[in-house]
Amino acid sequence: FTIPEPRARARVTRSLSGVPPTPEIVLFEKSIKVCPSHVPSPQIGPARLLRVSGAMPPPDAWASDILVSVALALFAAYLEFQPPFERHLVSETLHRVSFPHTPKQTFPTWTLPCLGVFIPVSIIFLASLAPHARVDRARHRSQTQRAVVGLLLAVTLGFAVTNALKNAVGAFRPDFKTRCWPNDAPVRWASTGVPTCSPGHDERLVSEGRKSFPSGHASMAFSGLTFAARVVANRVGLVAAATSARGNKQVAWRLVATIS
């Protein structure tokens, strides 16, 4: 096929070679015809052909991510109320779990969505305000939307994996003795390594006392903030600056913006 317009020649030249066209290349293209066998021709199905022509809107690719996030959140909530693995507790190690129980936690449960969702979403929106000359407004809005949906997917996946590991490991919390035998109740054993809690114990509290590892706060904060840091790094062009010829002069402030 031939390329009749100079602008079309420039676009094809940039797409094929990756560099801006020079006057010599443009003059050379005027005297030749590009063979169709040398140009990749992807197979375009009917649905894609309709989307390219504008007759069909593109599908919402992020909708599947939202469905997966909801499914993971429901699965994690289901694991939250399941009994954990009951590992043996021997009297020789009882002193390790004999710390007093305090109803008021140092980091309450409501801090989980703040660390894993609200703060990372705020970081993503702040990063979206950074100027980006190579991305138009519609694509920029779509990238921000996909980043938020990806954050939800990362957090719910971390939440589900953490609850699954908690139930599988069954690690004791440092205050398990106070949970199982409150009010200085005598320690009793059903058999070797199997404790028998006092009649006045809270079953839910004892079950939570076997879910010490891994930490839910740490996993939620890591999932959300790490994903947000990756979005910021992509937004400020950290990787591109590090691999470019002038990367040594431009990578410092981008790295500081990412890790801060």
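From a predicted model like this one, the values you see are computed outputs, not experimental measurements.
Following chains of ILVMFWY side-chain contacts shorter than 4.5 Å, one cannot reach F99 starting from L94, and the two form parts of different hydrophobic clusters. Using a 4.5 Å cut-off between side-chain heavy atoms of Ile, Leu, Val, Met, Phe, Trp and Tyr, with links allowed through other members, L165 and F75 fall into different hydrophobic clusters. Hydrophobic clustering of Ile, Leu, Val, Met, Phe, Trp and Tyr side chains at less than 4.5 Å, counting indirect connections, unites M220 with F118.
Residues F176 and S212 fail the side-chain proximity criterion, which asks for heavy atoms closer than 4.5 Å. In this structure the side chain of I123 reaches within 4.5 angstrom of the side chain of L225, judged on heavy atoms. Contact of the W181 side chain with the S198 side chain is registered, since non-hydrogen atoms from C-beta on lie closer than 4.5 Å.
Between the side chains of E80 and N163, at least one donor N or O lies within less than 3.5 Å of an accepting N or O.
If you take OG1 on T162 and CG on N167, they are separated by 11.0 Å, rounding to the nearest 0.5 Å. Rounding to the nearest 0.5 angstrom, the gap separating the OG1 atom in T178 from the NE2 atom in H101 is 8.0 Å. Considering OG1 of T109 and NE2 of H217, their distance stands at 6.0 Å, rounded to 0.5 Å. To the nearest 0.5 angstrom, L153 atom CG is 11.0 Å from L67 atom CG. D202 CG to E208 CD: the interatomic distance, rounded to the nearest 0.5 Å, is 10.0 Å.
Distance alone, capped at 3.5 Å, places no donor-acceptor pair between the K166 side chain and the F213 backbone. When atom types are taken as modelled, the side chain of S69 and the backbone of T156 share no donor-acceptor pair closer than 3.5 angstrom. Distance alone, capped at 3.5 Å, places no donor-acceptor pair between the S207 side chain and the R204 backbone.
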**Request:** Take V97 and R179 through the side-chain contact (heavy atoms from CB on, under 4.5 Å) test and state the conclusion after the steps.
**Result:** CA-CA 10 Å; V97 294; R179 292 170 182 257; over 6 Å; no
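Closest non-hydrogen pair, R188 versus C197, comes out as NH2-O, 3.5 Å.
By the 6.0 Å contact criterion, CZ on R96 is open, its count of non-hydrogen atoms from other residues, nucleotides or ligands being 12 or less.
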